[in-house]
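Heads up, the thing below is written out as structure tokens.
Below, chain A is the first sequence line, B the second, and so on; all start at residue 1. Remember, predicted model here, so these are calculated numbers, not experimental data.
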Protein chains: 2
Amino acid sequence: MKENNTPGKSNVKEVRQKAILDLIASEKIATQNDLSRRLEESGFPVTQATISRDIRELRLVKVAEAGGNYHYAVGKSEDKYQASNKFHSIFTASVVKIDYVNNMVVVTCYTGMAQAVCACIDSLEWQGLVGTIAGDDTILIITRDDNTAKEIATTLKSIK
Amino acid sequence: MKENNTPGKSNVKEVRQKAILDLIASEKIATQNDLSRRLEESGFPVTQATISRDIRELRLVKVAEAGGNYHYAVGKSEDKYQASNKFHSIFTASVVKIDYVNNMVVVTCYTGMAQAVCACIDSLEWQGLVGTIAGDDTILIITRDDNTAKEIATTLKSIK
DNA sequence: ATAAAGATGGTATAATAATTCAATAAAAGT
DNA sequence: ACTTTTATTGAATTATTATACCATCTTTAT
């Protein structure tokens, strides 16, 4: 396990991905090679392959604009996530236990926190997630299939 | 100039593009070739080139999902309904997510908004809609049959 | 009716993006 | 320390997507 949380570490990838977000926000980037060039100018010499992977992780999309040009942009769900960036702190502060069975995930929270945590989970717009119900201290997540439930549970556990 | 407004004409391209929107709303399409195959099954035999052009015109985007797969989706700015009517503003301001399974549609809203959104949906007097139940942030719509659920979900998504 | 102009879509190919494979380095476990 | 695991990345390659070019069809104008 690497778990690069070390405060003193440079964490190249994360910084580069922030730079990518800045770049696509401030100018029209049409291709990954364009992005590669601009990144190099900003001090991040990386190849197209790495950019492809960054774009996947950042959930960026390539949209057509009038006139037949294309540019990269942040996807729908990413906007909402940024709007409520408190996901992580609410989540870690409130979640007690995560378990799953069949196509359901049960998230146990401290009393009164389930609604807030559930809103956080909803904001992620998980694919394969059919719906969520939150009581006072428990959230039920219903997924499309058993495997998705497992994946969501695993991911939530990794956040916690 | 062609301007195919002729009422009696079939207008292949437009119908095909609607079919594309339906397809990407109801299943996960990863590549244009996938889409080509599914379209052919639906009675629209077209090549990848045409799909590339349709995707540009429809402003569709390819997004990454957790697990490293990709799928096509409608872009952010693809709102079709007029901004002025009450339904639209309440709906877009409150609805977070729409999904369906079997003969049920689940509409997820920001906390506290589900009742208001549900009233909007009820006001449409959808035929094939059996009943609705709204909690604080989730609406369950029960339909007569599976296909109606799909249709309602697709239409609601196109509004959002 | 014939011509001109625009639209549509296929074929082939160019351009772009995703992935496989291997190398390296950093962490974690023993 | 040393072995193992995991993360990150580039080079090369494969896969996917966009487009240049051409043919065909529809509409509009003459």
Side-chain angles (χ1 to χ4, degrees), chain A residues 1-20 23-24 28-40 42-73 75 154-155 157-158, chain B residues 1-20 23-24 28-40 42-73 75:
Chain A
M1 190 70 89
K2 202 192 168 190
E3 282 301 333
N4 199 339
N5 319 348
T6 331
K9 263 246 90 202
S10 62
N11 216 333
V12 185
K13 184 177 162 187
E14 196 178 315
V15 177
R16 182 186 62 238
Q17 292 189 345
K18 282 211 172 71
I20 290 176
L23 274 171
I24 66 162
K28 294 273 169 72
I29 306 282
T31 72
Q32 297 184 2
N33 278 331
D34 284 1
L35 193 46
S36 172
R37 263 178 251 113
R38 294 292 290 107
L39 274 177
E40 187 162 26
S42 308
F44 301 94
V46 278
T47 60
Q48 174 266 322
T50 298
I51 290 173
S52 172
R53 293 183 273 244
D54 284 343
I55 282 175
R56 176 170 65 196
E57 287 172 26
L58 294 169
R59 302 280 210 281
L60 301 186
V61 297
K62 192 181 170 188
V63 270
E65 46 191 55
N69 289 356
Y70 293 84
H71 70 273
Y72 280 94
T154 305
T155 307
K157 277 179 188 172
S158 81
Chain B
M1 187 74 86
K2 203 194 168 186
E3 282 301 332
N4 200 337
N5 317 347
T6 331
K9 263 247 87 202
S10 64
N11 215 333
V12 184
K13 183 177 163 188
E14 195 178 317
V15 176
R16 182 186 63 237
Q17 292 190 344
K18 281 213 172 69
I20 290 176
L23 274 172
I24 67 161
K28 282 187 284 194
I29 307 283
T31 72
Q32 297 183 3
N33 278 330
D34 285 0
L35 192 47
S36 172
R37 264 178 251 114
R38 293 292 288 109
L39 274 176
E40 186 162 27
S42 308
F44 301 93
V46 278
T47 61
Q48 173 268 322
T50 298
I51 290 171
S52 172
R53 293 184 268 244
D54 285 341
I55 282 175
R56 177 170 65 196
E57 288 171 26
L58 294 169
R59 301 279 209 282
L60 301 186
V61 297
K62 191 181 170 187
V63 274
E65 49 191 53
N69 289 356
Y70 293 84
H71 71 273
Y72 279 94

> Which whole-number value in Å describes the distance from B/Gln32 CD to D/dT17 P?
Replying inline: 4 Å
> Would you say the side chain of A/Ser52 lies within less than 4.5 Å of the side chain of A/Arg56, judging by non-hydrogen atoms?
Replying inline: no
>> For C/dA17 and A/Ser52 - does any side-chain N or O of the residue sit under 4.0 Å from the phosphate oxygens OP1/OP2?
In response: no
> Using 4.0 Å as the upper bound for N to carboxylate O, is an ion pair formed by B/Arg53 and B/Glu57?
Replying inline: no
>> Quick check for you: among D/dT9, C/dA18, D/dT19, whose closest atom lies nearest to any side-chain atom of B/Arg56?
In response: D/dT19
> Do B/His71 and B/Val63 come close enough that some side-chain heavy atom pair is under 4.5 Å?
Replying inline: yes
>> Ignoring hydrogens and geometry beyond distance, is a side-chain donor-acceptor pair present between A/Gln17 and A/Asp54 at under 3.5 Å?
In response: yes
> To the nearest angstrom, how far is A/Ile51 atom CD1 from C/dT16 atom C1'?
Replying inline: 12 Å
>> Can you tell me whether the side chain of B/Arg16 and the base of C/dG9 have a donor-acceptor pair closer than 3.5 Å?
In response: no
> Over how many whole Å does the gap from A/Lys13 atom NZ to D/dG10 atom C1' extend?
Replying inline: 15 Å
> In whole angstrom, what separates A/Tyr70's OH from D/dT17's C1'?
Replying inline: 8 Å
> Taking atom C1' of C/dA18 as reference, at what distance in whole Å does atom CG of A/Leu35 sit?
Replying inline: 15 Å
> In whole Å, what is the span from the CG atom of B/Asn33 to the C1' atom of C/dA17?
Replying inline: 14 Å
> Rounded to the Å, how far apart are B/Tyr72 OH and D/dA18 P?
Replying inline: 6 Å
>> Checking contacts here: which listed nucleotide (C/dT19, D/dG10, D/dA20) is nearest the side-chain heavy atoms of B/Arg53?
In response: D/dA20
> How close or far is atom P of C/dA15 from atom CD of A/Gln48, stated in whole angstroms?
Replying inline: 15 Å
> Of the nucleotides C/dG10, D/dT16, D/dG10, which one has an atom closest to the side chain of B/Thr47?
Replying inline: C/dG10
